[in-house]
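This report refers to the structure that appears directly beneath it.
Excluded from the calculations below are hydrogen atoms, water molecules and symmetry mates; all remaining heavy atoms, backbone and side chain alike, are included. The chains referred to below are lettered A, B, ... by the order of the sequence lines, with proteins before strands, and numbering in each begins at 1.
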Amino acid sequence: MWSFFKIVSTPNHVLKSFRHNIIYVKKFSTHNLYQEKWEAIIGLEIHAQINSKKKLFSNSSTSFNEPVNTNVSVIDAAFPGTIPRINSKCVQLIVATSLALMGNVQPVSFFDRKHYFYPDLPAGYQITQHYAPISLGGKITLSPLDGLDYETDVRIKQIQIEQDTGKSIHDIKPGMALIDLNRSGTGLMEIVTEPDIRTSKEAGLTVRKLQTLLRTLGSSNGNMEEGSLRCDVNVSVHEIGTPFGTRCEIKNLNSIKFLMAAVDVEIERQIAELKKGHSIIQETRGYDVAANQTFRLRTKETSADYRYMPEPDIPSLIITEDYLTGIHNKLPELPDDLKKRLMNQYNISLRDVMSLMHEDGGVEYFEEIAKNRNPHHVVNWITHDLYGLLNTNNIKFNHNPVTTQQLGSIIDSIKTDDITAKTGRKILTIMVLGDKRLCHDIVQEKGWKQLTNTYELEIICKNILSKNPKQVQQYKQGNKNIFSWFVGQVMKETKSNANPKLVNDILTKYLN
Amino acid sequence: MFYRAKFFNYSRNYVNVSKRMLSNSSKDQRKHLWSMTIIEAANLLRQKKISTVSLVKECFSRISKYDAEINAFIEVQNEKKLLDKALEIDAKGSFNGSLDGIPVAYKDLFCTSSLSTTCGSFMLKNFKSPFNATVINFLEEAGAIMIGKTNMDEFGMGAANVYSVHGPVYNPQSILFDENHFEKNDGDQRVAGGSSGGSAAAVASGMCFAALGSDTGGSVRLPASYCGIVGFKPSYGQCSRWGLIAYANSLDTVGILTRTVSDAQMIYDVISKFDVNDSTSITPEVRSINSSIPSFFKLNSNADDLRGLRVGVPKEYFVSELGESIVNLWKKGISYLKSHGATIVSVSCPSTRYALSAYYILAPSEASSNLARFDGVRYGHRSEESNKNDGMLYANTRGRFGKEVKKRIILGTYALTAGSYGNYFLQAQKIRRMVKSDFDRVFKRPNPLRFTKKDSGCNENKVDVLITPVTISTAPKIEDCLTTNVNNFINTYVNDVFVVPASLAGIPAISIPFGISSIDGFPIGLQLITQYGDDDTLLGVAKVLEKGANQK
């Protein structure tokens with residue numbers, strides 16, 4: 001049923017990285033692992049920046065790319081005498097995320113201080129939820145809908161609210177560490193999974209799926225490259241039938257690709273160590289992209305005692321049934337439901353659906369245009385032509401200049417035979433470059449309207465046939481291939497505006 | 001001298017003062033302005049019998065005369081500037097704000113944007129906050145004039161106010177009223193008490209009419225008792241902590257130091273408001289629930305009739321360390337309330353004896369966390385050495401905390417480490433809950449935080465108010481508190497034994513001057529405690545009790 005996943009069809013840049021991962025995984029040895037009775041146990045800790053306008057505990061803006069230290073209030077800089085005040089919008093987004101992940105939102109949760117000294121941590125502690133997080137339980141189900149050959153549940157252990165730190169900037173001034181507190185106090189949700197993941201592919205798909213979910217909910221941008229989604233991964237290996245091995249944590253992975261690669265090399269490293277008769281030491285490791293290997297950051301012995309203490313300045317967070325119901329009723333359509341609906345309603349492939357969903361706003365864009373139009377045509381125009389043109393011109397989909405009316409007008413013009421598909425692509429190119437007019441207006445200005453007048457076309461065809469008696473002779477002697485040469489001549493004459501089907505019919509009629 | 005240590009009741013003294021003032025020359029009047037209550041001063045201001053300028057001048061003259069010895073102030077406003085402001089107020093002539101023209105002082109842990117805020121610490125030397133504490137804004141809106149910032153134990157840690165980078169505060173009793181004290185103590189310098197010692201000393205010596213302190217574990221009640229004035233700790237959350245530099249957030253409350261209970265009520269009425277900036281501020285919803293619960297005294301009562309009031313005497317407060325003269329005054333206070341119709345009941349708060357230990361786990365734990373921000377990176381003191389030393393980024397800077405603060409940081413850090421959290425912090429939290437439920441069990445009025453309709457039927461066997469001593473002794477000698485003897489610090493902490501339970505429970509408590517020790521002549525206070533949110537009953541009973549101070 002899901003065979004289309006094996007058909008790596010038309011080149012599609014958008015899915016390139018995704019496919020690349022799949023190919024990449026195949027190279028790896030989950031299969032071999034099982035043959036050798038090895039199994040990897042993987043858990044994820046994901047930090048996603050909460051997509052709120054204001055910070056978690058202050059009124060400062062969370063906007064990116066501002067000059068350093070401009071979005072900083074006395075609370076963010078931990079001035080003495082300040083008291084944090086929780087932003088209800090952040091709570092709302094986290095509760096929505098918990099509900100979407102089928103977590104149990106706790107009626108009472110509270111905040112704790114996690115202590116460590118670092119210059120970009122102004123208070124000397126991070127406010128987090130250690131003892132009583134806002135949500136317990138939940139799961140992410142991976143299925144063929146996500147590109148897995150089988151179905152598996154990745155259980156969520158807990159979801160907690162916490163604040164982000166500032167940024168330390170080294171290397172700009174030699175010998176100096178510069179501090180930017182713009183990010184300090186931005187809300188984060190930490191999503192911790194149970195160690196239910198067994199392969200790097202599952203790990204990658206879990207993060208991918210979560211990313212899509214967060215974007216659908218609007219609770220986080222989920223952008224790993226920009227750091228709005230950060231991922232730590234715990235990996236251990238053991239021989240099947242024996243207890244789980246000692247785990248190592250790999251920190252600061254900033255793309256799904258690197259996450260999967262790091263997991264694979266870490267699995268290999270641990271197996272190699274164990275085969276040599278060494279034991280695995282619990283430690284925190286980093287991932288060196290260039291060398292494709294993990295390396296030790298710190299061992300458990302040198303890790304900090306965070307001295308967790310209940311945050312006395314923030315009262316317990318009480319979440320009522322009414323509040324939950326309110327948020328539940330406002331939840332948008334979740335990705336799995338959306339996928340199923342799109343496939344059923346429009347009869348388009350999972351690949352097309354995934355392609356639409358991959359871009360923020362892609363589905364809405366599609367559904368708007370697909371009203372009263374052939375969904376297959378619409379999805380092809382979006383995922384093949386529009387995505388491609390945007391990519392060539394280095395435009396992100398969320399800055400797509402082509403309105404739904406514009407793309408719709410192209411599809412309509414083709415349907416009414418006003419233009420050819422080829423002309424349609426030329427017009428789309430013009431639109432991508434910023435032309436705000438509808439298809440019809442551009443066609444008129446450029447004189448690209450398709451020739452569908454049979455009488456006119458007959459004259460043109462007859463002209464061409466009479467000018468080229470030699471070729472007509474050849475055709476009649478049996479060289480049927482020369483037919484397309486005649487078509488080409490007509491197209492040349494009409495600047496490609498002639499309706500190809502009519503040209504075919506007319507030429508066939510006169511040549512035979 | 002008009003001020004007699006045996007007569008600590010300022011309002012009573014004022015009867016004499018005002019008579020004299022109204023009849024005598026202006027020279028005589030100036031001489032006694034400083035000892036008036038806020039209510040008296042405000043009335044005279046409204047009647048234009050005195051001026052704001054004269055009040056401000058009076059305070060400055062008291063400061064210049066005595067503060068070199070008492071050391072109550074860390075920073076005083078520019079006199080000329082303040083007199084100009086006073087002139088403006090007088091010129092405007094309208095004294096509609098309840099505190100218009102009244103000079104007040106703030107403990108140096110309240111953030112002020114015009115004066116520096118040091119917390120008595122080298123770490124915040126010259127630190128100027130970009131904002132004012134909410135309570136200070138409230139007082140300024142009501143017309144109060146800030147004279148200056150008062151001395152304190154570093155970050156509020158201490159019971160004697162000897163741990164300040166600006167030096168100890170000396171008890172004004174031994175400086176101003178030396179002749180009242182008995183011979184054998186003559187010449188001894190006493191502590192003002194801590195940690196709001198500067199605020200208490202400033203009010204007691206007439207350098208201002210009221211001062212704000214902070215009370216974490218008795219820090220306004222103790223110095224109020226030692227200095228012979230009123231020290232009021234309202235319910236936790238009544239007054240905003242925004243701008244109060246935290247020692248232990250879950251215990252810190254804004255405290256009020258005045259010469260009479262009515263004055264304390266005036267200040268309290270101004271600052272007891274919800275503040276959106278303080279997440280622990282009592283919300284308007286809870287305030288309205290609270291006011292719907294019946295209490296013995298309604299808002300701002302002045303009734304003397306205590307018939308129907310049930311006063312509890314907690315038996316656990318008779319500790320062996322308690323001095324005899326204090327026991328006597330305690331008994332006198334109890335009989336005084338009884339003579340006004342109150343019923344006296346013996347009650348039991350069995351967790352009291354664990355309260356002190358719990359306090360000295362919880363408060364240092366929170367302190368060790370709060371003080372982590374003083375790393376010299378963003379504000380305050382930063383050691384030059386810090387830049388030279390890679391491995392120990394903050395060690396040199398943080399070495400500049402005082403001895404007592406370092407001790408409590410280490411204590412708190414230890415209590416929070418993974419290995420001891422369960423044995424110390426969690427146990428202390430349990431005790432805290434036990435102390436709270438002790439009080440909930442004893443008080444007739446239900447706790448508004450746990451209020452349900454079925455609680456509204458009051459249990460008549462319970463009490464409205466508790467009466468206890470504030471301290472185990474009168475103000476100790478400075479030298480005894482400064483001793484480096486390791487064993488001594490436990491003894492110093494014992495001073496907090498009566499004041500800490502109310503802090504742990506977050507309930508209101510007030511220290512009322514109730515006479516002097518028959519042994520050394522230094523003042524002794526009595527403490528009243530009521531249910532959470534029942535600040536009105538507390539102040540109402542306190543107003544009656546303070547009148548008993550002068551009775552034989």
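With respect to chain A, the highest number of heavy-atom pairs below 4.5 Å among B:V377, B:T413, B:L371 belongs to B:T413. Taking B:G419, B:S369, B:A372, B:C119 one by one and counting their heavy-atom pairs under 4.5 Å with chain A, the maximum is reached by B:S369. The greatest number of non-hydrogen atom pairs below 4.5 Å with chain A, out of B:N277, B:T117, B:L124, is found for B:N277. Ranked by heavy-atom pairs under 4.5 Å with chain A, the first of B:D252, B:L251, B:L109, B:N370 is B:N370. Contact count against chain B (heavy-atom pairs under 4.5 Å) is highest for A:T82 among A:T82, A:L181, A:L121, A:I86.
Side-chain atoms of B:T216 and B:S219 include no donor-acceptor pair closer than 3.5 Å. Side-chain contact annotation: A:K54 with A:S60, donor-acceptor N/O pair under 3.5 Å absent. For the residue pair B:T118/B:D108, the side-chain donor-acceptor check at 3.5 Å is satisfied. No hydrogens or angles considered: nothing links the side chains of B:T397 and B:R382 as a donor-acceptor pair under 3.5 Å. Side-chain contact of A:Y125 with B:R373: a donor-acceptor pair under 3.5 Å is present, judged by distance alone.
Shown are B:F127, B:F155, B:F122; of these, the ring-ring contact (aromatic ring centres under 6.0 Å, His included) with B:F374 is made only by B:F155.
The six-membered or imidazole ring of A:Y131 lies near that of B:Y421, with a centre-to-centre distance under 6.0 Å. Ring pair A:Y306/A:H115: centre-to-centre distance not below 6.0 Å.
Only the side chain of A:D305 comes within contact range of chain B, with at least one heavy atom under 4.5 Å from a heavy atom of that chain. Only the side chain of A:R113 comes within contact range of chain B, with at least one heavy atom under 4.5 Å from a heavy atom of that chain.
In this structure, B:K436 places its NZ atom where more than 12 heavy-atom neighbours from other residues, nucleotides or ligands lie under 6.0 Å away.
The interface of residues 233-250 of chain B with chain A, defined by heavy-atom distances below 4.5 Å, comprises B:Y236, B:R241, B:W242, B:G243, B:L244, B:I245, B:N249, B:S250.
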